[in-house]
Amino acid sequence: MKRPTLKEVFELEPDGRSLVVKGWVRTKREAKAAVFLEINDGSRLANLQCVFEVPQAGSALAAALAKAGTGASVAIEGSLVASPASGQKVEVKAVGLEVIGEAPSESYPLQKKAHSLEFLREIAHLRPRTNTFGAVARVRNRMAYAIHQFFQERGFQYVHTPLITASDAEGAGAMFQVTTLDLERLAKSGQGVDYGKDFFGKPAFLTVSGQLNVETYCQALGRVYTFGPTFRAENSNTTRHLSEFWMIEPEVAFNELPDNMDLAEEFIKYLLKTALADCAEDLEFFDQRIQKGLVESLGSVLDKPFAHMTYTDAIAELAKSPEKFEFEPRWGSDLQSEHEKYLTEKVVGGPLIVTDYPKEFKSFYMKMNDDGKTVRAMDVLVPRFGEIIGGSEREERLDNLLRRIEELGLDTSTYSWYLDLRRFGTTPHSGFGLGFERLLLYVTGMANIRDVIPFPRAPKLADF
RNA sequence: UCCCCUGUAGCUCAGCUGGCAGAGCAAGUGGCUGUUAACCACUGGGUCCCUGGUUCGAACCCGGGCGGGGGAGCCA
């Protein structure tokens, strides 16, 4: 493509070359000697300043400049020169302006001023035009790419697990049902539901995790990962939950829990390092406007190894702390958010991996320890945020897995194919899940998960 | 699902004990200036979320509803 993005323009020599740039007007300032138009095309955070000599009244240029208000899309013709004023290295000495699409100031919702994130959430179709959401989108893109890079560089195969599943017992949480049955007619008829007539011939749902499916490819390809959308119908209304979110789930054959912990640590560090190196401008913006100290906080994670602690030790650590917790830490109760934050922020002052939780509040597929009470689970906790990764070594012994399924009153027949993985050539194997949007919250310092996904879905929220 | 806070101009908010609807920013106009979160002056701009009630009188008090935010649980 001939026309450079603004990001590319900023890297050119200001040698007076002529060019055409296109983008959206962010701000216009009119002075006696010149009119300054700053445009942005989303390729990076910085705006490009285009300087027009004050045109003759009544000229075509004067008319175009009058229409080029905040939000208008424009094409600008001129030459790239070094800027005589401080604030930018280069600028466009503009001679031509075409207003492609106006954005009338009386009706265009975005103004030349700061807007609250709450307000911008209500105009999700326009918010990517702001500095904050542009930066979030660029970081999101870079992290998605980095995830593939990390795994591909290490010999992992990308596996596409299904979004629709006929098993309603994947372990975690409420599911969205998928049906082609006419619900209104069914309701009026007063009849029961005959799932034999439904599309799949039985109840079907949107997946809550690709893990069980990806384990099958793990037991063939060795190192695999998924990266796709996941759905949870939980009625949870917090800054950390979405009904539709993206999840990364690596799974590695022959890996035991310590290998899994190492992989998670290496993964997180790789992503943070990439963000700091390749999204420096955007992260600096977040540091200044969203979360003071962000860049330093992310950088500090790279320096030292993640701390490790068993659940039992974590409880002991909490019990001896002078901190007053709302929920008293007690062996047998799950760690609360306040506990997790205390451990990672106050006790270790950095990322912390807690392992070996009581089986009662972990999934059926996690490997039982010899004590018969705890399982080979791990949660990665980070400062400012809490749990960012949950994973485990899986139970690879058929007898143990069957026993757990029965203990929990689950239906063995539903898991026949999953159990086959233990019947034929079973291996120790481990994996974890990383919520992509949670990673983005951590990396950007944004506070609400609804602001790091383009179109958030949550209870009573499916606009746009 | 539970707890708390909140709904007033385009945006962010103030509005006392119930007594004529306010500010800053944005916008428009003029001025000034190689400006850059530009600056100065003036101007326009309101279903005080909806609904029912109390009252001579409600943005304000009470009931109901709807929306937004934060926290908890659940979890990634």
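Labels below follow one simple rule: chain letters A, B, ... track the order of the sequence lines, proteins then strands, and each chain is numbered from 1.
Not counting sequence neighbours, the partners of Tyr158(A) by the ring-ring contact (aromatic ring centres under 6.0 Å, His included) test are His148(A), His160(A), Tyr225(A). Partners of Tyr270(A) under the ring-ring contact (aromatic ring centres under 6.0 Å, His included) rule, at least two apart in sequence or in another chain, are Phe150(A). In terms of the ring-ring contact (aromatic ring centres under 6.0 Å, His included) criterion, Phe327(A) has no residue partners (sequence neighbours excluded).
Residue pairs meeting the ring pair (Phe, Tyr, Trp, His ring centres under 6.0 Å) criterion with at least one partner in residues 78-106 of chain A, sequence neighbours excluded, are absent. Applying the salt bridge (charged side-chain N to carboxylate O under 4.0 Å, His left out) rule to pairs touching residues 97-121 of chain A yields Arg121(A)-Asp451(A), sequence neighbours excluded. Each ring pair (Phe, Tyr, Trp, His ring centres under 6.0 Å) pair with one or both residues in residues 94-120 of chain A, not counting sequence neighbours, appears once here: His115(A)-Phe119(A).
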Name the pairs: protein N/O against N/O of nucleotides 5-9 of chain B, kept only if under 3.5 Å.
none

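Between the side chain of His115(A) and the base of rC11(B), no donor-acceptor pair under 3.5 Å is found.
Residue contacts shown for Gln88(A) include a base, since a base heavy atom lies under 4.0 Å away.
Listed by residue number, the members of residues 119-144 of chain A with any heavy atom below 4.0 angstrom from RNA chain B are Phe119(A), Arg121(A). Only Gln336(A), Ser337(A), listed by number, bring a heavy atom of residues 327-350 of chain A to less than 4.0 angstrom from any atom of RNA chain B.
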Hey, can you pull the donor-acceptor pairs under 3.5 Å for the side chains in residues 280-287 of chain A, sequence neighbours left out?
from, atom 1, to, atom 2, distance (Å)
Glu281(A), OE1, Arg44(A), NE, 3.2
Glu281(A), OE1, Leu45(A), N, 3.3
Glu281(A), OE2, Arg44(A), NE, 3.3
Glu281(A), OE2, Arg44(A), NH2, 2.7
Glu281(A), OE2, Ala46(A), N, 3.4
Asp282(A), OD1, Arg138(A), NE, 3.4
Asp282(A), OD1, Arg138(A), NH2, 3.0
Asp282(A), OD2, Arg138(A), NE, 3.0
Asp287(A), OD1, Gly293(A), N, 3.3
Asp287(A), OD2, Leu294(A), N, 3.1
Asp287(A), OD2, Val295(A), N, 2.9

Open item on the list: Protein within reach of the bases, or only the backbone? For nucleotides 44-50 of chain B, mark each nucleotide 5' to 3' as B, S or -, using heavy atoms under 4.0 Å.
Closed with: -------
Open item on the list: Can you build the contact string for nucleotides 25-31 of chain B? Use B for base contact, S for sugar-phosphate-only contact, and - for no protein heavy atom under 4.0 Å.
Closed with: BSSS---
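The P atoms of rC39(B) and rC2(B) are separated by 48 Å, rounded to the nearest whole Å.
Residue Phe245(A) and nucleotide rA76(B) are classified as a stacked aromatic pair, their ring centres being separated by less than 5.5 Å at an interplanar angle below 30°.
Proximity of Tyr342(A) to Glu317(A): side-chain heavy atoms (C-beta onward) are nowhere separated by under 4.5 Å.
Contact annotation: Ser236(A) side-chain N/O to rG73(B) OP1/OP2 distance is not under 4.0 Å.
Under the 3.5 Å distance criterion, with hydrogens and angles disregarded, a donor-acceptor pair is assigned to the side chains of Gln211(A) and Tyr365(A).
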